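Working notes, structure below.
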Protein chains: 4
Amino acid sequence: MTQQGTLGVAVIGTGRMGADHVRRIDEVISGARVAAVVDIDAERVKSVADRIEGCAAYTDPAAAMAAAEVDAVLVASPGPAHEAALLEAFRHDLPVLCEKPLTPDAASALRVLEAEQRLGHRRVQVGFMRRYDPEFARLKELLDSGELGRPLLLHCRHRNASVPSFFTEPMLVNDSVVHEMDQSRWLLGQEITAVRVLRPRPSAHAPAGIGDPQLVIFETDGGVLVDVEIFANCGFGYQVQAEAVCERGTARIGESHQMLVNRAGGWGGEIAQDFVARFREAYDRQVQAWVDATRRGEVQGPSAWDGYAAAAVCEAGVRAQATGERVTVELAERPALYR
Amino acid sequence: MTQQGTLGVAVIGTGRMGADHVRRIDEVISGARVAAVVDIDAERVKSVADRIEGCAAYTDPAAAMAAAEVDAVLVASPGPAHEAALLEAFRHDLPVLCEKPLTPDAASALRVLEAEQRLGHRRVQVGFMRRYDPEFARLKELLDSGELGRPLLLHCRHRNASVPSFFTEPMLVNDSVVHEMDQSRWLLGQEITAVRVLRPRPSAHAPAGIGDPQLVIFETDGGVLVDVEIFANCGFGYQVQAEAVCERGTARIGESHQMLVNRAGGWGGEIAQDFVARFREAYDRQVQAWVDATRRGEVQGPSAWDGYAAAAVCEAGVRAQATGERVTVELAERPALYR
Amino acid sequence: MTQQGTLGVAVIGTGRMGADHVRRIDEVISGARVAAVVDIDAERVKSVADRIEGCAAYTDPAAAMAAAEVDAVLVASPGPAHEAALLEAFRHDLPVLCEKPLTPDAASALRVLEAEQRLGHRRVQVGFMRRYDPEFARLKELLDSGELGRPLLLHCRHRNASVPSFFTEPMLVNDSVVHEMDQSRWLLGQEITAVRVLRPRPSAHAPAGIGDPQLVIFETDGGVLVDVEIFANCGFGYQVQAEAVCERGTARIGESHQMLVNRAGGWGGEIAQDFVARFREAYDRQVQAWVDATRRGEVQGPSAWDGYAAAAVCEAGVRAQATGERVTVELAERPALYR
Amino acid sequence: MTQQGTLGVAVIGTGRMGADHVRRIDEVISGARVAAVVDIDAERVKSVADRIEGCAAYTDPAAAMAAAEVDAVLVASPGPAHEAALLEAFRHDLPVLCEKPLTPDAASALRVLEAEQRLGHRRVQVGFMRRYDPEFARLKELLDSGELGRPLLLHCRHRNASVPSFFTEPMLVNDSVVHEMDQSRWLLGQEITAVRVLRPRPSAHAPAGIGDPQLVIFETDGGVLVDVEIFANCGFGYQVQAEAVCERGTARIGESHQMLVNRAGGWGGEIAQDFVARFREAYDRQVQAWVDATRRGEVQGPSAWDGYAAAAVCEAGVRAQATGERVTVELAERPALYR
């Protein structure tokens, strides 16, 4: 595989995210092709493969990774299947783009970290795609420039129009707020050391058993306070905003106000209805960046350490959610490979 | 009348504007009181006067102006009655706030100018209230500062939700665009030298006989081009915007976006429905500034010359509207009193 | 005193706030005049009185309140002097507009409440002027309409360019966040039941001994969570924002973005530098509303109970600030007069 | 060439635009590769080709088009060379993406039209990339939906930070306003029937011989008036805005306000400095759409007729610019192939 060669990607999992990645690699991404798709549902995987020239269908990830035409792996299967897929990819020393979460808990994430260290080099990029959103990238750049001084507070909003019926309260943390966990760690270059979850009386539209919305508060080892409004059933759309309050100024992203319409007594515009619309460009850029780096023989982006740290903060978050207490985050020592 | 004395104001005309000014002086303005109201409708004027302590009712402006308790006159009668009221006020050497138009045409406005010159000092302030709007004032201040360099273009929008059934096409110029005429002259400190009126195919909602909207273009003696969208039946609300394009930057006012609401798939807010809501503060400030200056023995604000110039540009505008041609504006020489 | 009579106001205290109120009543407010000014600094009070026709100077509030030409009292002296001034006003049964705080602590506020109850009718309006800000009023109206459903969260920002050298950490609560306390109680129609104060590592620009910024969190008896960023030395200007998150939508005020300028590679505008500029209109409307109600023989606006409740929440807030703990607010039972 | 086959593209011209397209096809676009590059500068073209695997260098467009590995042609050479390149592509029946202008004048554009008609099917897409900008696409969609009623006016702004020293006054029309010509025709689905160019006194920063800014006004056969501010040396950045005024509302795009920063007394953000930054996504989408359609055997997007119409309007525009008169646009009859 040279830089100019087309990257043959095996996509593991053909559910919503997997199917979207298949489409993306097939139609959007430069320099890569879908060489294989894998799903335990043999019928579904065959129908996906049949639509793409030169794409083989597998029900076993290991078999796909052993195929000669597979140069890299995109893991989009359910979280509990990630560990096995990652370890198998390590056996073949294949570069992996792994959808978040890296694994469902900190203990399994640590095992992945150790396996990657045994390889002696990074192979995993974790799918925290917000890092590839143009607005988030601009905010990161501004914070890193130091023009506004040191960050002190980070106000975050994360609103979904609604969540599916299988959504549970811990998923507010594990599926939704996990993005703010990674985003905070990345924007600030700091680790999260403690989590609180505060709750108003739930919305009348909150699903049974889910206290919605919630106010999640992180403390970082750099002394920043992060507050996150997570509102899973806000009704009006999908909205992700962040405002960094620094010593000499603030910066806010996520208004996403584009076409302005005056009509019927009001001014305004549309709100995106889901994360696919809001973060389409981020997903595209993420996969393109992964393909580009892989073709150059490099590994970049969120590492397995970032995946592990998110898992550890999530565990603290779920405990904080259940207890109402401030819960500290206990992280393993950061291995040299990830410094 | 000393600065501390309360100014006794005679309000001539108790129609919509007059009644609003009566309320304003009675309830909002500091240092003035409604000493007299005048209307040819004897019943209406009495009912207005009865609601205010110490307020006399007249059907004859001259009688009101002769009353001892009248220190100043606010003319809010129909335009054709303005000339007589102004000349009568001059006979009593009373300060006047005259609602626009000064008079309905340039010839009568010139007669007012001449009469005021015979007095030897300014007595008239014309009611171009946009000059007292905080946003317009800030734009004027910025242009005057020279920070953006010389103004080159001025883009104006003037939108009404709808106009009453008696509205005629010349009123688009005489009643609506007259504000942009004064505003352009004032913001730029220049005279308008020519007018064009261009027309798209009218809106389906345009009243019979009115080509709505229109695009009115002014040239000024300072070489600025002004374009004005006048849209009298835009349906969605009242909106006045202006953007000055200068050599080193642009400045825009009139968005009037305040409370931002997210709901039902959209972000946005309300648009004011009429000029009373949009320019309430400007009207209040205008009358307060007139009262304050009058109590100090001064005359400020838009002069009779400004009223005359607006009338002259209106005449050209109506001709341009009727002919589709570029029509030049012929102004009398500016008298020393107004330099 | 009839509705039409001009209200003679005694202004107690001629410091920054007092002097501004004297100017306001003299120049802006309709239907009132400054009949007396009071200050322990005899020279200063005389120089203030001398500039206003018919205004007497006093060094003793009681003497001023006994004067025949005094119909109402505006208390703008330092907080510790408020209790005595209020009790004296009660003795004369005079209507009072009392600058916040009502008194410096809950115990003294309770004494004022009791004294007013002995009068048998309300006499006090407390100077929480944000209730008179047009944007806050619109937010209140929207919340009350129920269009967005029940409020769940209220995000508040309160930023000062800088604070004077005598500012202390408890003043962050007592002088600044006290506005968000009243604003939350008023917008929501709920009492605050507990307070937390969380702190990031302070800004390098924080004055010695002040942990700036802080994140203050209120719980209400209606189950709403309120978070307040108080940043006393943000450097860039004065900014007050609030976003109510409700069951079916959110509403945000305080952007205060008016004239938009494009220049030198950027778009943007100015930020007000202090509360006088930001809330000028609110102050004017507050005093005008007080004068209008007083002339009608009515008492409206924030009551002594609101002043007491703010004092009680402040005490909890200062304790929360000092201890880092969640502190509950203990309120006396609400007397019938204030229901 | 099947849909799944990678499209081999010959890029004609390796100047600024050509080099950018080479990079785009190589790094961004899915399903295409740069099979050949052509430039009369043999050294330059070789150095470009050497950086891309499997890319041949040519100095003669005809030789490149004859190569077996070339499936399609992207013409990015100077305008005067377009006609020959297009005719050669027609000889090979190759699909072409031709950078605007189609050709430098209406007569040569007509010859291209006729040649394509002789082929009997469309082969040319013209590079009016604004049609692929997400905001313009949303505006088009809204106008087409009829929700706002019929369009009446279209206000356009086109501002450049500065123009290079070789820029001439006709280039204001031919290079800059040509975008608004196509955009107006496309958004409205109407032809332009007349052009006026009005001028303020030029900016002090206008290059010698260029009256900058100008106000260009189009009339359309659907009765819409379009006004275009073209300001080639505005100094502050690159800005393209459009507001459609319709019977029941207006819609505006191009604010491009994303990250909002508060600092140093002001709120605001950055303005893109050139069209590459502003329209990066539009360029990417345009080429991807061309590649996708070509691989499906289809031709879409702006046609040779659109290129011809733009050329005809430009000729009228340059005459209007030179004469100050209203100049009508004379279009040939629209051939069946382009209906």
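All heavy atoms count here, side chains included; hydrogens, waters and symmetry mates do not. Convention: sequence-line order gives letters A, B, ...; per-chain numbering from 1. All figures in this text were calculated on a predicted structure; none of them were measured in a lab.
Looking at B/D284, neither its backbone nor its side chain comes within 4.5 Å of chain C, counting heavy atoms on both sides. For B/R252, the parts lying under 4.5 angstrom from a heavy atom of chain C are both the backbone and the side chain. With a 4.5 Å cut-off on non-hydrogen atoms, B/L142 touches chain C through its side chain but not through its backbone. For chain C, the nearby parts of B/L260 are the backbone and the side chain; heavy atoms of each come within less than 4.5 Å.
In terms of non-hydrogen atom pairs under 4.5 Å with chain C, the most contact-rich of B/R248, B/E270, B/R280 is B/R280. In terms of heavy-atom pairs under 4.5 Å with chain C, the best-connected choice from B/E243, B/E255, B/R285 is B/R285. Annotation: maximal heavy-atom pairing with chain C below 4.5 Å, among B/L139, B/N262, B/D26, occurs at B/N262. Comparing B/E281, B/H257, B/Q288 by how many heavy-atom pairs each has under 4.5 Å with chain C, the most go to B/E281. The choice from C/V28, C/V291, C/V245, C/I25 that makes the most heavy-atom pairs within less than 4.5 Å of chain B is C/V28.
The structure places SG of B/C246 at 10.0 Å from CZ of C/R263, a figure rounded to the nearest 0.5 Å. The distance from atom CZ of C/R33 to atom OG1 of B/T6, rounded to the nearest 0.5 Å, is 9.5 Å. Separation of atoms CZ (B/R138) and CE (C/M259) is listed at 7.0 Å; rounding is to 0.5 Å.
C/L148 places a side-chain heavy atom less than 4.5 Å from the side chain of B/V261.
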